Student: 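Following this message is one structure expressed as structure tokens.
Computation of the quantities below employed the complete heavy-atom set of this structure, encompassing side-chain atoms and omitting hydrogens, waters and symmetry-equivalent molecules. Remember, it's a predicted structure, so these values are computed and weren't measured experimentally. Chain A is the first sequence line, chain B the second, and so forth, proteins listed ahead of strands; every chain is numbered from 1.
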Amino acid sequence: MAIRELKVCLLGDTGVGKSSIVCRFVQDHFDHNISPTIGASFLTKTVPCGNELHKFLIWDTAGQERFHSLAPMYYRGSAAAVIVYDITKLDSFQTLKKWVKELKEHGPEDIVVAIAGNKNDLGDIREVPMKEAKEFAESIAAIFIETSARNAVNIEELFQKISKQIPPLENPEVESNESFKLTRQPAPSARRCC
Amino acid sequence: MAAEDLPSEFDVVILGTGLAESVVAAACSRVGQRVLHLDRRSYYASNWASFTFNGLLTWIQQLQEESQPKEVPDWSSQLEEGEELIYLSSSDSSASICNLQVFCYTSEEDEEEQAPDTTEEETVRAADEDAVQEVSEAESAETREEEERRGADKGQAAQTAGEEPEAESHPHAAPSQSEPAKKKLSYAQLVKEGRRFNIDLVSKLMYSRGSLVDLLIKSNVSRYAEFKNVTRILTYRHGNVEQVPCSRADVFASRQLSVVEKRKLMRFLTSCVEETEEQTAYNGRPYLDFLCDQQLGENLQHFVLHSIAMVTADTPTEEGLASTRQFLRCLGRYGNTPFLFPVYGLGEIPQCFCRMCAVFGGIYCLRHSVHCLLVDKHTNRCKAVIDSRGQRISCSHFVAEASYVGAERKKVATPTRFLSRAVLITDSSVLASDSEQQVSVVTVPPIAAGCPAVKMVELCPSTMTCIPGTYLVHLTCQSIGSAYQDLSPLVTRMFRTVESHDKAETRPAVLWCLYFNMADGSGTEVEGHDLPSNVYVCSGPDGSLGHEHTIKQAEFIFHKILPDEEFCPPAPNPEDIIYDGETTAATGDTQEEEQSPQKQEEEETKEEEETKEEEETKEETKEEEHLQTEE
Ligand SMILES: Nc1nc2c(ncn2[C@@H]2O[C@H](COP(=O)(O)OP(=O)(O)OP(=O)(O)O)[C@@H](O)[C@H]2O)c(=O)[nH]1
Ligand SMILES: [Mg+2]
């Protein structure tokens with residue numbers, strides 16, 4: 001089966017549970033006192049999708065968003081963005097709208113956007129009604145789902161929904177002669193031979 | 001996005017997000033230093049930045065509007081016992097950029113929507129008043145005539161492409177450029193699609209075995225970016241653009257060279273690899289003399305001097321040979337030329353290092369600066385800084401890009417040297433070929449005595465720096481006059497603008513262009529300024545094609561700060577930190593290899609390289625045979 005690498009970037013207020021979502025998805029693990037794994041610039045997980053394998057390269061912000069200083073390279077080539085808010089914090093839902101705007105301005109044009117209302121295990125102190133968030137998501141044609149990284153609710157589903165929205169590769173040939181990563185080995189040498 | 005307060009204690013505070021500063025930041029953070037990295041601008045990479053088309057227009061506007069230096073508050077109340085204040089450069093204006101001139105040679109709106117006589121809109125759109133005067137009204141009237149002729153031009157351009165030897169040898173050469181329907185893009189379309197441009201302020205290439213590529217690989221920062229090969233080396237000679245054969249395959253495939261020339265060139269290039277007594281005898285004498293005595297003939301001499309060594313006629317032989325060797329050493333690592341270019345532009349590279357810094361805990365603030373340094377009078381060391389919000393932040397080391405340091409404290413080579421730059425959006429390649437997706441470097445020797453040698457890089461849309469149907473062309477040279485004075489004569493000759501008159505039909509049309517001068521960073525030293533001993537100055541971009549100076553400077557500063565630490569050791573791979581299912585199934589492609597543990601990887605590399613070399617030698621013999629039969 002063909003493996004397809006898909007870059008997914010995470011956005012959202014500090015403390016909404018971005019790292020917890022990744023951690024739950026990749027390691028099926030939740031830590032109440034999560035301290036970001038320093039040095040992990042992205043985590044990967046591969047899931048089947050139709051007759052392809054989707055290898056998610058999940059980029060966490062590394063704190064660069066904290067002072068409004070996210071670099072445009074963070075969005076580059078992203079197939080999808082997950083914007084996370086905390087259903088118990090109205091503020092975090094307000095900033096979500098700013099992230100949507102930011103993505104529209106700086107992100108790739110065809111990026112799949114998913115909105116995740118996290119911490120839905122804390123329904124009793126909810127500040128953001130599900131209906132309002134869902135309607136907002138629909139208005140920008142984004143995926144919407146409420147999640148709980150703590151209780152492992154809808155985390156897999158979030159990424160499945162993203163997988164389904166990724167358009168199939170049009171022309172795999174063209175893709176392969178595109179750009180390359182620098183590694184310790186020589187890259188596939190240019191096709192032109194004599 | 002709620003902004004928090006900054007911590008008040010760091011090990012290293014770094015001001016400016018250019019390449020050198022960003023490498024220092026990544027290197028320090030990687031080995032555990034607490035790094036605060038600031039930039040007073042709203043974007044990353046300082047003078048190394050790249051912009052969308054609209055972003056570039058804003059950048060231009062801001063530079064032109066730049067007001068007087070802002071009044072800096074008096075922070076002396078923050079002084080403690082035994083300290084003194086050093087104010088940094090207060091003006092937001094980067095004195096490092098000047099002589100901006102913008103010209104638009106395409107119609108304002110889409111042609112269909114356009115009324116027949118819109119002479120005004122078609123005249124030059126100039127962002128500054130001087131520029132308007134540069135192009136007289138009379139000339140602009142001709143724009144329209146040219147516009148009208150354009151439909152016919154296209155057919156002709158395709159014809160010329162057919163005559164071009166390279167294209168001829170490929171039966172499938174059917175460039176879509178020949179489609180008669182192709183319309184010139186309007187200014188409105190450039191703006192509408194503006195975000196798909198990534199226009200670099202600096203034009204450089206990465207030598208495939210240069211220090212930047214080595215550092216990217218060694219540190220694993222390379223995982224944040226993708227690259228493309230530069231596919232062609234071109235040169236401009238006798239009014240024509242020609243392809244320079246540089247790899248062995250190119251030499252043998254070349255139709256410009258005679259068989260004798262092919263042999264001579266191969267023999268010469270092989271003989272260059274090692275230093276001989278014959279060569280050292282020419283030390284101090286011009287490389288051109290050496291080349292003349294090699295009996296290469298005019299053709300080859302031009303190729304070697306201008307396009308391979310990329311030096312001038314009076315460059316000393318030892319320097320010319322060193323450049324020739326560097327070029328040859330870099331051939332074949334990734335592609336047929338020695339050069340790589342990052343997808344989305346060079347502005348990505350500093351950002352990649354910044355991300356590495358952030359991933360290891362570095363803190364980032366744009367639109368945030370340092371107003372002054374608090375210096376211990378006795379030790380002459382900077383103990384703390386006061387940021388643009390008046391917060392006192394202590395630090396053990398301070399690094400700043402040169403433009404943040406006031407001229408009165410800086411020791412720079414006088415007079416300040418500048419680079420002349422031009423950025424063009426054109427509608428076709430300077431040399432049509434069977435592929436529209438060529439990344440080319442064009443070396444242009446001085447067009448007249450006293451004129452500068454120009455380096456030109458032409459980027460195609462697949463580098464993600466310009467939109468389909470356009471090319472992004474960067475010109476760079478050492479300044480003699482203003483950028484416009486230095487470069488516009490060449491632009492007029494090689495491209496079609498309002499100023500081009502005769503026989504311009506087959507040349508690429510310029511849709512939009514920008515000229516500016518940028519301070520040449522090669523004149524600034526790290527130390528020796530009138531500054532505390534733990535303060536280091538990073539220079540901005542220099543005029544060379546590669547990045548050697550900047551990377552060397554960053555490493556030097558890092559070792560000044562941390563003499564005993566390793567510079568940018570590899571960051572762990574994600575897979576080494578987190579278990580990742582069964583993805584490493586044996587697909588055997590390079591991406592998978594990249595993630596295998598390093599040691600194993602290095603061994604594999606060695607093996608691979610050996611087999612590759614073997615293959616190359618085999619190929620060589622085959623070609624040699626081929627050559628003989630040709631004779
Ligand atoms: N109850 C509950 N708590 C959660 C959930 N997800 C995350 N948390 C907690 O929320 C806090 C913040 O989570 P993080 O994953 O660090 O949040 P983040 O978005 O990565 O934050 P930054 O890295 O600072 O931007 C932690 O204490 C988590 O334990 C959830 O689904 N339910
Ligand atoms: Mg986090």
Student: I'd like to know if the side chain of B:Tyr44 and the backbone of A:Ser69 have a donor-acceptor N/O pair within less than 3.5 Å.
Tutor: yes
Student: Specify whether A:Phe42 and B:Tyr224 have parallel, tilted or perpendicular ring planes, treating 30° as the upper limit for parallel and 60° as the lower limit for perpendicular.
Tutor: perpendicular
Student: Side chain, backbone, both or neither: which part of B:Cys357 has an atom under 4.5 Å from a heavy atom of chain A?
Tutor: neither
Student: With a 4.5 angstrom heavy-atom cut-off, is it the side chain or the backbone of B:Arg355 that approaches chain A, or both, or neither?
Tutor: both
Student: Examine whether an atom of B:Arg367 lies under 4.5 Å from a heavy atom of chain A, and if so say whether it belongs to the side chain, the backbone or both; otherwise answer neither.
Tutor: side chain
Student: Specify the closest pair of heavy atoms between A:Ala71 and B:Gln351, including all atoms of both residues, with the distance to one decimal.
Tutor: CB-OE1, 3.2 Å
Student: Is it the backbone or the side chain of A:Leu53 that comes under 4.5 Å from a heavy atom of chain B, or both, or neither?
Tutor: neither
Student: Is there a donor-acceptor contact under 3.5 Å from the side chain of B:Ser222 to the main chain of A:Leu182?
Tutor: yes
Student: Mind listing the closest non-hydrogen atom pair of B:Tyr334 and A:Thr183 along with its distance?
Tutor: OH-O, 3.6 Å
Student: If I compare all heavy atoms of A:Pro108 with all of B:Arg195, which pair ends up nearest, and what's the gap?
Tutor: C-NH2, 3.8 Å
Student: Only pairs of heavy atoms separated by less than 4.5 Å count here; which of A:His106, A:Gln94, A:Glu105 has the most with chain B?
Tutor: A:Glu105
Student: Check whether A:Pro72 gets within reach of chain B through its side chain, its backbone, both or neither, counting any heavy atom under 4.5 Å.
Tutor: both
Student: Just do the side-chain contact (heavy atoms from CB on, under 4.5 Å) check on A:Met73 and B:Tyr344 with the steps written out, would you?
Tutor: CA-CA 9 Å; A:Met73 64 84 66; B:Tyr344 300 108; over 6 Å; no
Student: Pick from B:Asp39, B:Asn198, B:Thr17: which one has the most heavy-atom pairs with chain A under 4.5 Å?
Tutor: B:Asn198
Student: Taking atom NZ as the centre, does A:Lys101 end up with more than 12 heavy-atom neighbours from other residues, nucleotides or ligands that are less than 6.0 angstrom away?
Tutor: no
Student: Would A:Glu109 and B:Arg196 count as a side-chain contact (heavy atoms from CB on, under 4.5 Å) if you check the C-alpha gap in whole Å, the side-chain angles of each, and the deciding distance to 0.1 Å?
Tutor: CA-CA 9 Å; A:Glu109 282 150 296; B:Arg196 294 170 71 189; 3.4 Å; yes
Student: Can you confirm whether more than 12 heavy atoms, excluding those of B:Lys218, are under 6.0 Å from its NZ atom?
Tutor: yes
Student: Is it the side chain or the backbone of A:Ser92 that comes within 4.5 Å of chain B heavy atoms, both, or neither?
Tutor: neither
Student: Nearest heavy-atom pair of A:Phe67 and B:Leu6: which atoms, and what distance?
Tutor: CZ-CD2, 3.8 Å
